[in-house]
Amino acid sequence: MPPLVSIIINCFNQGHYLERSVTSVLSQTYTEIECLIIDDGSTDNTRQVSEQLMGIDQRVKYFFKENSGLPSSRNFGIQKAQGEWIQCLDADDWIHEDKIRFQLNHLAQVSFSENVIFYSDYERVFIDAQENIVNRQENIIGSLTTEQLIQRLLIPDFLADSPHPCLQQAMLMHKKILSKIQFPEYLKALGDRYFAIDILRAGANFVYTPMIGAYYTKHQTNRTNNWPYMRNYYILFYENVVQKHPDLNNFCTIGIEYLLEEAIREQDQSIFDQLIKIAPTPVRLFDKKISLNNKFTIKLVNKIRAITPSFLLYEKYRGPRSKKILALVSDKLNFVKSTLNLS
C-alpha cells in the first residue's frame, strides 16, 4: 500500500492565499495524501476559507491554535499528522502538481528510508503591493554533500552566491526524523535553517530530486524585509549554532563578520558585546581590508572607532562638506609626499 503523505499548511492571516496553496496539494498526481491546515491564531477569513475547502475534499483538515509563530505551528502540525512522510508548506506558497510522486520515486535510490529527506529546486516568485507577480527566479540547488549543505546554511542568503538549499517547501521528510528533532520554537525567523542543520548533524540523508518542486513567494510585507528584526534572529541563530555545534564556529565567519562590522560602524555596543563572544578569529573588518587576530584587538578597534568621526572611516557618512575636507587633506598629503621625494 502506498505510504500516506501529510502536507502541513501553516497559515497566519493569509486566508486570501490559502485556496491556491491547498489546490496545489489536492492536485497532486500522488493521491495518498492528507492536507492539514494549521491556523496560527488568524483573525482574518482563514477559518471560513478552510471550511469551504474541507467541504470540497475530505482529505483537508483544519486545526486552530493560539498564535505562537511558524516553528511552533510546524511542530503542532507534525503532532497531528498521520502520514509516514511530511511536507511543510506556507499558505502563500504552492507546490508542483507532481512533486510528491516524483520525490517518492527516488526511494529506489536509498536502502534505508527512515532518515531520508528529499529536497528539490524551487522558484522564487516576487509579488508587488498590488499582489501582482512581477518576477520569477529559478533556484537550482544541485546535489550537495552534508558538509556543503551545512556550510551554505551558515551563510546569510544576501551574502551567498547560491540559493538557500534547504527550503522547507521544497523538501519531503520521513516522519521518523521528526520524532527526534523539532523545529526550534524560540527562532521565529531562521528556524527552518537551524532545523536543517540539526537534522543534518543527526545523520539525515538528504537526497536531491531535480525538479522545480515549490513556488516560494516574496512579498513587500515579508518580515525578512525588516532588517533589525532579521539581524536579531541572525545573532540568536549563530549563538545557538556555536553553543550546540562549537566545531561549526569557523563556518559562521562570513555572517558574524558582517554583523560585527555593522555593529562597529553603527556604534551599537549591545550588539557588539553579543557578537564578540561568538566571533571566530581572525576576523576581517573594514571591507575585509584589516585582519584582526584576537578579541582584544577587535575590542580595541571598536573603542577607537567610537572616538573617530564616521566620515573618516565610512563613505556612506560623507556629505559634500566632508568630502571636500578629505580631498583638501589628500591634496596636502600628496604635496608633502612629492616634496619629500624631490628632496
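Computed from heavy atoms alone, side chains included, the values below leave out hydrogens, waters and symmetry copies.
Annotation: Glu19, atom CD; neighbour count of heavy atoms from other residues, nucleotides and ligands within 6.0 Å does not exceed 12. Within a 6.0 Å radius of CZ in Phe296, no more than 12 heavy atoms belonging to other residues, nucleotides or ligands are found. Within a 6.0 Å radius of NZ in Lys295, other residues, nucleotides and ligands contribute more than 12 heavy atoms.
Ile7 and Met173 fall into different hydrophobic clusters, where Ile, Leu, Val, Met, Phe, Trp and Tyr are joined by side-chain heavy atoms under 4.5 Å apart, directly or via other members. The cluster map of Ile, Leu, Val, Met, Phe, Trp and Tyr, joined by side-chain heavy atoms under 4.5 Å apart, puts Val207 and Ile212 in different clusters. Linking Ile, Leu, Val, Met, Phe, Trp and Tyr whenever their side-chain heavy atoms come within less than 4.5 Å leaves Tyr186 and Leu70 in two separate clusters. Both Ile197 and Ile155 belong to a common hydrophobic cluster when Ile, Leu, Val, Met, Phe, Trp and Tyr are linked at side-chain heavy-atom distances under 4.5 angstrom. Criterion: ILVMFWY side-chain heavy atoms under 4.5 Å apart, direct or through other members. Under it, Ile117 and Tyr30 are not part of a common hydrophobic cluster.
Asn294 and Thr281 are not linked by any side-chain donor-acceptor pair at a separation below 3.5 angstrom, with hydrogens and angles left out of the test. Side-chain contact check for Gln269 and Asp273: at least one donor-acceptor pair (N or O, by modelled atom type) lies under 3.5 Å.
Asn293 contributes no side-chain N or O that, together with a main-chain N or O of Pro282, makes up a donor-acceptor pair within less than 3.5 Å. In this structure, the side chain of Glu239 does not engage the main chain of Tyr234 through any donor-acceptor pair within 3.5 Å. Checked by atom type and distance alone, the side chain of Gln148 pairs as donor or acceptor with a backbone atom of Thr145 at under 3.5 Å. Under a 3.5 Å cut-off, the side chain of Asn302 and the backbone N or O of Ile298 do not form any donor-acceptor pair. No donor-acceptor distance shorter than 3.5 angstrom exists from the side chain of Asp92 to the backbone of Tyr17, with no hydrogens or angles considered. Not a single donor-acceptor pair under 3.5 Å links the side chain of Ser27 to the backbone N or O of Ser24. Without hydrogens or angle criteria, Asp44 side chain to Thr46 main chain gives a donor-acceptor distance under 3.5 Å. At least one donor-acceptor pair closer than 3.5 Å links the side chain of Lys99 to the backbone N or O of Met171. The main-chain N or O of Gln82 is found under 3.5 Å from a side-chain atom of Glu34 such that the two form a donor-acceptor pair. Checking side-chain atoms of Lys175 against main-chain N and O of Ile86 turns up no donor-acceptor pair under 3.5 Å.
Between Ile141 and Asp121, the shortest heavy-atom contact is N-OD1, 2.7 Å. Across all their heavy atoms, Arg152 and Pro165 have their closest contact at CG-CD, 3.6 Å. The two residues Phe112 and Asn115 have their closest heavy-atom pair at O-OD1, 3.3 Å. The nearest pair of heavy atoms linking Gly191 to Phe183 is O-CD2, 4.5 Å. Summarising the geometry of Val25 relative to Cys35, their closest heavy-atom pair is CG1-CB, 3.8 Å, with the distance given to 0.1 Å. For Val49 against Gly15, the heavy-atom pair with the smallest separation is CG2-O, 3.8 Å.
The side-chain heavy atoms of Phe195 and Leu178, taken from C-beta on, include a pair separated by under 4.5 Å. Taking the side chain as every heavy atom from C-beta outward, Arg305 and Ser310 approach each other to under 4.5 Å. Using a 4.5 Å heavy-atom cutoff, the side chains of Lys80 and Ser6 are not in contact. For the pair His219 and Glu131, the minimum side-chain heavy-atom distance is below 4.5 Å. For the pair His164 and Leu153, the minimum side-chain heavy-atom distance is below 4.5 Å. Residues Leu107 and Leu104 are in side-chain contact: their nearest non-hydrogen atoms beyond the backbone lie under 4.5 Å apart. By the 4.5 Å heavy-atom criterion applied to side chains, Asp192 and Arg74 are counted as neighbours. The side-chain heavy atoms of Leu4 and Glu84, taken from C-beta on, include no pair separated by under 4.5 Å.
From Leu154, atom CG reaches atom OH of Tyr194 across 10.5 Å, with rounding to the nearest 0.5 Å. Distance check: Ile38 CD1 to Ile8 CD1 gives 6.5 Å after rounding to the nearest 0.5 Å. Separation of atoms CD1 (Ile37) and OH (Tyr62) is listed at 8.5 Å; rounding is to 0.5 Å. The structure places CD1 of Ile271 at 3.5 Å from CZ of Arg231, a figure rounded to the nearest 0.5 Å. The distance from the CD atom of Gln103 to the OG1 atom of Thr209 is 3.5 Å, given to the nearest 0.5 Å. A distance of 10.5 Å separates CG in Asn10 from CZ in Phe76, rounded to the nearest 0.5 Å.
Here Arg59 pairs with Asp57 under the salt bridge (charged side-chain N to carboxylate O under 4.0 Å, His left out) rule; sequence neighbours left out. Contacts of Gln52 classified as side chain to side chain donor-acceptor pair (under 3.5 Å), with partners at least two apart in sequence or in another chain: none. Remark: Tyr122 pairs with no residue by the ring-ring contact (aromatic ring centres under 6.0 Å, His included) rule, at least two apart or across chains. Among residues two or more places apart in sequence or in another chain, the ring-ring contact (aromatic ring centres under 6.0 Å, His included) test is passed with His245 by none. Listed by chain and residue number, nothing satisfies the ring-ring contact (aromatic ring centres under 6.0 Å, His included) test with Phe64 (two or more places apart in sequence, or in another chain).
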Practice task
Apply the test side-chain contact (heavy atoms from CB on, under 4.5 Å) to residues Ile150 and Arg201: give CA-CA distance (whole Å), side-chain angles for both, the deciding distance (0.1 Å), then the verdict.
Solution key: CA-CA 9 Å; Ile150 290 174; Arg201 297 286 283 186; 3.8 Å; yes
Practice task
Give the intermediate values and the outcome of side-chain contact (heavy atoms from CB on, under 4.5 Å) for residues Asp198 and Lys244.
Solution key: CA-CA 9 Å; Asp198 255 4; Lys244 188 171 182 180; 3.1 Å; yes
Problem - side-chain hydrogen bond (donor to acceptor under 3.5 Å, both in side chains) assessment of Gln151 paired with Glu147 - result: CA-CA 6 Å; Gln151 288 183 20; Glu147 185 173 350; 2.9 Å; yes
Practice task
Report the C-alpha separation of Asp39 and Ser50 in whole Å, then their side-chain angles, then the decisive distance to 0.1 Å, and conclude whether the side-chain contact (heavy atoms from CB on, under 4.5 Å) test is met.
Solution key: CA-CA 9 Å; Asp39 184 348; Ser50 300; over 6 Å; no
Problem - Stepwise side-chain contact (heavy atoms from CB on, under 4.5 Å) test for His96 and Tyr215 - result: CA-CA 8 Å; His96 189 281; Tyr215 301 88; 3.6 Å; yes
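Shown are Phe206, Phe102, Tyr208, Trp85; of these, the ring pair (Phe, Tyr, Trp, His ring centres under 6.0 Å) with Phe118 is made only by Trp85.
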Under 3.5 Å, which donor-acceptor pairs link side chains of residues 248-260 to any protein atom two or more places apart or in another chain?
residue: Asn249; atom: ND2; partner: Ile278; partner atom: O; Å: 3.1
residue: Thr253; atom: OG1; partner: Asn250; partner atom: O; Å: 2.6
residue: Glu257; atom: OE1; partner: Lys288; partner atom: NZ; Å: 2.9
residue: Glu257; atom: OE2; partner: Arg284; partner atom: N; Å: 2.8

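Salt bridge annotation for Asp93-Arg124: absent, with no cationic side-chain nitrogen under 4.0 angstrom from a carboxylate oxygen.
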